[in-house]
Amino acid sequence: MLEEVESWLARRSWTAADRPLDQLLVARARAARRSSVSVVLPALNEEATVGDIVRTIRRDLMEKVPLIDELVVIDSGSTDRTSEVARAAGARVVHRDEILPRLATVPGKGEVLWRSLLVTKGEIVCFVDADLKDFSSDFVSGTVGPLLTDPDVQFVKAMYDRPLGDSTGQGGRVTELVARPLLNLHWPQLSGFVQPLGGEYAVRRSLLERLPFPVGYGVELALLVDALHTVGLDALAQVDVGERKHRHQDGQALGRMAATIYRTAHLRLSRNLVRPELTQFERGERGFVPRTYAVDTEERPPMREIEEYTLSRAA
């Protein structure tokens, strides 16, 4: 590990308990407008979990203490009751297709995160996945905390244990098999991040609006790498929030995610990869059948290049 990273780990890694809520409220009051916080949950068919997450955030960080200004669920095309459950729990719900209608939507998590900047106001934006179980509001207060107390910090990732279902193993298989090797080999300054692909992180809007967003699963890796190049390692941090439980994907879904992560990384190393597809195999009646999937390659431009966003911020 680079000496720079060892030093960074000592200075820029904390636990959620390091910043109690009363300390955050004082810091927020001092920062005034620069401290407004929006929490965004991208959601696709998450009716089983999204309600509990919304209720926990509202109870702990909006009603008990006024830390969060707005809580928004972006529905990315759910076919279940995700929107109804989230709204009943107290979130403002916006459908992906309602945001920037002049630009046709494409499937993908990054697409939803990118569009969320147009319908939120906070100077700090905190993203939380909507499939988490046994959710703790530490995921929000923990990642937002350093941004409220340290003006030099601009991007904070949550770190946590990831149990693999009921087994003793750890989740994060795409992280360990693909993302971590890529980062260590090509961006060793980022090798100190425990959960580089985690979906829980808080970022200053002033940074987010300068970054391109891959539309798919590669968005987390891309934002981390691009943030490093934009503001430098010392502006990045991570906070231990305990344990993360969520729905796990099957092996083939993980393969598609891995291909997207590789493609995202490669785009940042060169722009010459051809045929961005992944072929996997399923057993059929007559043996193995190939199934070919497109690998997400489209990216949205930095939000500050979008006219509607510039006009809404000016207003």
Side-chain angles (χ1 to χ4, degrees), residues 4-5 7-21 23-28 30-31 34-42 53 57 60-61 67-71 110 113 116-117 120 122-129 132 135-162 172 175 179 183 187 189-211 213 219-244:
E4 177 186 5
V5 177
S7 175
W8 174 85
L9 278 169
R11 290 179 295 102
R12 291 299 195 216
S13 295
W14 299 288
T15 71
D18 289 334
R19 292 176 176 80
L21 287 176
Q23 178 182 339
L24 296 184
L25 291 176
V26 171
R28 188 194 149 125
R30 289 174 178 168
R34 291 183 293 106
S35 66
S36 57
V37 181
S38 300
V39 176
V40 173
L41 276 67
I53 298 172
I57 295 173
D60 294 352
L61 304 178
L67 189 70
I68 303 305
D69 296 277
E70 61 179 348
L71 176 54
L113 300 186
S116 75
L117 298 182
T120 54
E123 296 303 320
I124 295 171
V125 183
C126 177
F127 297 117
V128 177
D129 282 348
L132 304 188
F135 178 77
S136 167
S137 57
D138 285 349
F139 278 79
V140 175
S141 59
T143 54
V144 166
L147 297 171
L148 293 175
T149 60
D150 190 336
D152 294 329
V153 175
Q154 298 203 41
F155 190 122
V156 183
K157 295 280 290 190
M159 56 179 169
Y160 33 69
D161 293 311
R162 293 184 66 180
T175 294
L183 291 176
W187 296 279
Q189 286 180 298
L190 297 175
S191 63
F193 276 93
V194 176
Q195 297 292 350
L197 298 186
E200 291 71 44
Y201 48 101
V203 192
R204 296 194 191 279
R205 179 179 292 271
S206 57
L207 173 57
L208 280 176
E209 64 188 14
R210 297 162 64 189
L211 303 178
F213 279 59
V219 64
E220 269 83 31
L221 181 82
L223 291 178
L224 193 60
V225 169
D226 292 345
L228 172 69
H229 291 304
T230 303
V231 295
L233 180 61
D234 202 53
L236 314 182
Q238 60 185 348
V239 174
D240 188 348
V241 297
E243 186 176 78
R244 183 186 196 268

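- Between the CG atom in Leu21 and the OG atom in Ser137 there is a gap of 7.0 Å [rounded to 0.5 Å].
- In this structure the side chain of Arg244 reaches within 4.5 angstrom of the side chain of Leu132, judged on heavy atoms.
- Pairing each heavy atom of Leu24 with each of Gly145, the nearest pair is CD2-CA, 3.5 Å.
- The backbone N or O of Tyr201 lies less than 3.5 Å from no partner atom in the side chain of Thr143, so there is not a single donor-acceptor pair.
- Using a 4.0 Å cut-off between a side-chain N of Lys or Arg and a carboxylate O of Asp or Glu, Glu123 and Arg204 do not qualify as a salt bridge.
- Looking at Trp8, its side chain does come within 3.5 Å of a backbone N or O of Leu233 through a donor-acceptor pair.
- Here the side chain of Asp60 pairs no donor or acceptor atom with the backbone of Ile57 at under 3.5 angstrom.
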Given side chain to side chain contact (heavy atoms under 4.5 Å, CB included), test Leu67 with Leu148 step by step and report yes or no.
-> CA-CA 10 Å; Leu67 189 70; Leu148 293 175; 3.8 Å; yes

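- A distance of 5.0 Å separates CG of Asp240 from CE of Met159, quoted to the nearest 0.5 Å.
- The two atoms that bring Ser36 and Asp69 nearest to each other are CA-OD2, 3.2 Å, heavy atoms only.
- Applying the side chain to side chain donor-acceptor pair (under 3.5 Å) definition to pairs two or more places apart or across chains, those involving residues 222-239 are Arg11-Asp234, Arg12-Asp234, Ser13-Gln238, Trp187-His229, Asp226-Arg268.
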Check the pair Val125, Val203 against side chain to side chain contact (heavy atoms under 4.5 Å, CB included), reporting the backbone distance first and the verdict last.
-> CA-CA 5 Å; Val125 183; Val203 192; 5.7 Å; no

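- Val231 is not listed as a side-chain neighbour of Phe155, based on a closest heavy-atom distance of 4.5 Å or more.
- Taking every heavy atom of both residues into account, Leu9 and Gly192 meet most closely at CD2-O, 3.5 Å.
- Shown here for Pro196 and Leu224, the closest heavy-atom pair between the two residues is CB-CD2, 3.9 Å.
- When atom types are taken as modelled, the side chain of Arg19 and the backbone of Ser141 share no donor-acceptor pair closer than 3.5 angstrom.
- Checked by atom type and distance alone, the side chain of Gln195 pairs as donor or acceptor with a backbone atom of Tyr160 at under 3.5 Å.
- Minimum interatomic distance between Ser116 and Val40 (heavy atoms only, all atoms of both residues): CB-CG1, 3.8 Å.
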After noting the C-alpha distance and the side-chain angles of Leu228 and Leu236, does the key distance pass the side chain to side chain contact (heavy atoms under 4.5 Å, CB included) rule?
-> CA-CA 7 Å; Leu228 172 69; Leu236 314 182; 4.2 Å; yes

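- Here the straight-line distance linking atom CG of Leu147 with atom CZ of Arg28 works out to 12.5 Å at 0.5 Å rounding.
- A cation-pi geometry, defined here as NZ or CZ lying under 6.0 Å from the six-membered ring centre and within 45° of its normal, does not hold between Lys157 and Phe193.
- Evaluated for a side chain to side chain contact (heavy atoms under 4.5 Å, CB included) with Thr175, the options Leu221, Leu197, Leu183 yield exactly one hit, Leu197.
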Step by step, work out the side chain to side chain contact (heavy atoms under 4.5 Å, CB included) result for Glu200 and Val140.
-> CA-CA 8 Å; Glu200 291 71 44; Val140 175; over 6 Å; no

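- Between atom CZ of residue Phe139 and atom CG of residue Asp129 there is a gap of 9.5 Å, rounded to the nearest 0.5 Å.
- Of all heavy-atom pairs spanning Leu113 and Phe127, the tightest one is CD2-CD2, 3.6 Å.
- Glu4 meets the salt bridge (Lys or Arg N to Asp or Glu O under 4.0 Å) test with no other residue; sequence neighbours excluded.
- In this structure, Thr120 contributes its side chain and Gly122 its backbone to no donor-acceptor pair below 3.5 Å.
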